[in-house]
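Written out below as structure tokens is the structure these notes cover.
In what follows, every chain begins at residue 1, and chains take the letters A, B, ... in the order their sequences are listed. Quick caveat: nothing in here was measured; it's all calculated off a predicted structure.
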Amino acid sequence: MSEPIVRFQEVSKSYDGRSLVVAGLDLDVVAGEFLTLLGPSGSGKTTTLMMLAGFELPTSGTIRLDGRDITALPPHRRGIGVVFQNYALFPHMTVAENVAYPLRVRNVPAAETAARVAKALGLVRLAAFGDRRPAQLSGGQQQRVALARALIFEPPLILLDEPLGALDKQLREDMQMELKQIHEALGVTMIYVTHDQSEALTMSDRVAVFNDGRIQQLASAYELYERPVNPFVARFVGENNQLAGEVVACEGDTARIRLGGGVTILANAVDRLSPGDAADVSLRPERIRLAHGDGEARDNLVAGAVDKLVYLGESTRLFVSTPGGPTIVAKVQNEEAALDVARGRPVQLAFRAADARAFRVERPA
Amino acid sequence: MTSLALDPPTGPHPLERAVRRSERRRRLVALLLMAPSVLFAVAVFAVPIGLFLFRAIENDGIPQRLPRTTAAVQAWDGGDLPSAAAFDALADEILALKGTPELAQLGRRLNYVVPGYRSLMMGTARRLDAAQVATLDAEATRARLIEADERWADPAFWMPLKQQSGPLTTFYLETALDFERTPSGELVSVPAERAIFIDLFVRTFQTGLATTVLCLLIGFPVAAVMARASGSLANLMLALVLIPFWTSLLVRTTAWVILLQNEGLVNKTLLFLGLVDQPLQLVFNRFGVYVAMVHVLLPYMILPLYSVMKGVSADHLRAASSLGAKPFMAFRTVYLPLVMPGVAAGSALVFVLAIGFYVTPALVGGASDQMIGYFIAYFTNTSVNWGLASALGAILLGLIALIYLVLGWAIGLDRLKVR
Ligand SMILES: Nc1ncnc2c1ncn2[C@@H]1O[C@H](COP(=O)(O)OP(=O)(O)OP(=O)(O)O)[C@@H](O)[C@H]1O
Ligand SMILES: [Mg+2]
């Protein structure tokens, strides 16, 4: 791996002197990657970004850009492009003047400015809108102007704080595509903040999941979804059954776990587990199938009865209660569910041990 | 509903009519709700001010009291003396007014134009005898009048009767701009030693402008800090700004006199600290006027600025600096243009209020610091020359309107409004 473009070292931030909003953050950002900071509201994503942009001073720790300590450098000397959630376009300037602003403050000659503005507006497909005022544009167009303005001075690093937060679903998806294309075409490093996990998964090279001011997991979308390292990530990314149980036996990385009511399953032990430990098992609903007695080899077979059905179009969500044990949610493709699942009917849930991930938890006795 | 939409386009569309009908009701209700305030404003504000301003051009008294004379004087070319018929008419009309208060009023009115006219009228009336004049023919009447007061042989005393014989007059407006008429009716500037009003206007505008600039320089940073301050602190600062509003103008102004006078707290302190060894003259001069006026008017600058600055998102400045603008550059190219409406509104407000100031300069200023308001009050109350008072008021109003229009044209009228 090459030298990281951004390096957070032991960075902490507190606003009130009592609680840490960002706690001991260590993060390396690889040049050219698309990194997403994902996390629930108040988890410190914006604060992290603002410290990198230079609008907030870390309480402790250092931030490096290209190996240089920039912890206390004022924002205008960092050369980092920032796209704000509310766009922050200058209302008293036209679109072209907005986009030209970074060149204007750098005293770039007029002819060159005009050429570069035209190119930047072309890149975001707004070439015909240069003379408009920001107020005369739609939300998506304003967002693209903000992007063009952050790109035009060719910063090596662009920070985007929930840039699509105010857009409707369709526009969001179009803009996600466009952002990815621009990222690939220009090869800039982008750090992207969102609390929308599907956005994070589809766009990013890597995702850093934040909670309580700490990174819970930093990994690719695939890793995050398939191999969450703790219950928080498992819960936060994608849909999950969170089943509380107790370890009965452990063998290598496979553990036998009793969920209560006599339901015992085989699970993949993520943490080191020993008999008697309390454990949480996360199990994705779409990894559960209905067994039809076709003799297929399954690690786990759990009997239960359908409590509730939610029709989702391409699939159906089944709430299956196990006798004395937990209610398990399964999401089955409709070709299968259409067979003859109905409320009250007994079913057999089948899933692989590898798809049931067991974490050790501290549970008050 | 479709039948409505598909109707052929003959006359107003039924839907359109329905919309208009429902709108009409709403408009009517709105008008009714506004009626009391509109009537009040018209009755106690617009009408009296309109009537008072009309006095600036109303030729009250001369043609009404001397109808025949002013008619007869029209034929006169302004050269030598009017015809004997004019003398005859004047004698008759003076005698008709003799013993009534109207004669004194007429004399005072003419005295504005030519000093001494009042005594001329009163003296002439006293010396003429009705019975005797009735026996005289026109030529003899002329001789009798000149005998009664030889000033009647001076064309200068006839001039106003010729020039101001219409129902309207520009005399007050001319006077208020330091112009006068030569005996032949030409408009010329009055000699420098008698000119007061142009200087007065210049001084008024200078004081207003200086006060505005000072208020802006002092108020801008205050408003900016207030707009950035958080909840309770901002409320406290707002209260501090508003406290002067709750105190009488007169009290605040006299307080400055007490503070700034030779034995006042400021001079005492300066003397005590040894910074000066003579009390400084801080009041009854221009300095005192500025201090008191800036103090009185500062809230009018701060409040519009604050309300505009409050609406400027911190993200705009952050965006500017992230795009590479140094702090001053970001201030000049982003913050200042965004708060310009506040600057314009606050400045317009302070300027207009400042040039109308009367009490404060009267109390803390010297004789040479008085502004237009002082003279309007003087001509209204003391010398009872309402024509000149309203001419001064009208010119002031006109100049303010002109400034507004020019400003509005230069930076957009909607920016001048106070939000
Ligand atoms: N200027 C500030 N002063 C005091 N506290 C702040 C300030 N900015 C943020 N905080 C607090 O810091 C915590 C983290 O805020 P931050 O804005 O970083 O969250 P976030 O992850 O971006 O959340 P969201 O998804 O809602 O934007 C929050 O609890 C917030 O209340
Ligand atoms: Mg945020």
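Of residues 311-328 of chain B, those residues lying under 4.5 Å from chain A by any heavy-atom pair are Ser313(B), Asp315(B), His316(B), Arg318(B), Ala319(B), Ala320(B), Ser321(B), Ser322(B), Leu323(B), Gly324(B), Ala325(B), Lys326(B), Pro327(B). When the heavy atoms of residues 204-225 of chain B are compared with those of chain A, none of the residues falls under 4.5 Å.
The most heavy-atom pairs under 4.5 Å with chain B, out of Gly81(A), Gly54(A), Pro74(A), Pro75(A), come from Pro75(A). Top candidate by heavy-atom pairs under 4.5 Å with chain B, chosen from Met50(A), His76(A), Gln85(A), is His76(A). Counting heavy-atom pairs under 4.5 Å between each of Pro155(A), Pro91(A), Ala146(A) and chain B puts Pro91(A) at the top.
Counted within 6.0 Å of CG on Asp168(A), heavy atoms from surrounding residues, nucleotides or ligands total more than 12; the atom is thus considered enclosed. Counting heavy atoms of neighbouring residues, nucleotides and ligands inside a 6.0 Å radius, atom NE2 of His195(A) does not exceed 12 of them.
Using a 4.5 Å cut-off between heavy atoms, Ile152(A) makes no contact with chain B at all. Only the side chain of Arg106(A) comes within contact range of chain B, with heavy atoms under 4.5 Å apart. Neither the backbone nor the side chain of Arg77(A) comes within contact range of chain B; no heavy atoms are under 4.5 Å apart. Only the side chain of Tyr101(A) has a heavy atom closer than 4.5 Å to any heavy atom of chain B.
Of all non-hydrogen atoms in Thr333(B) and Arg104(A), the two that sit nearest each other are CG2-NH2, 3.0 Å.
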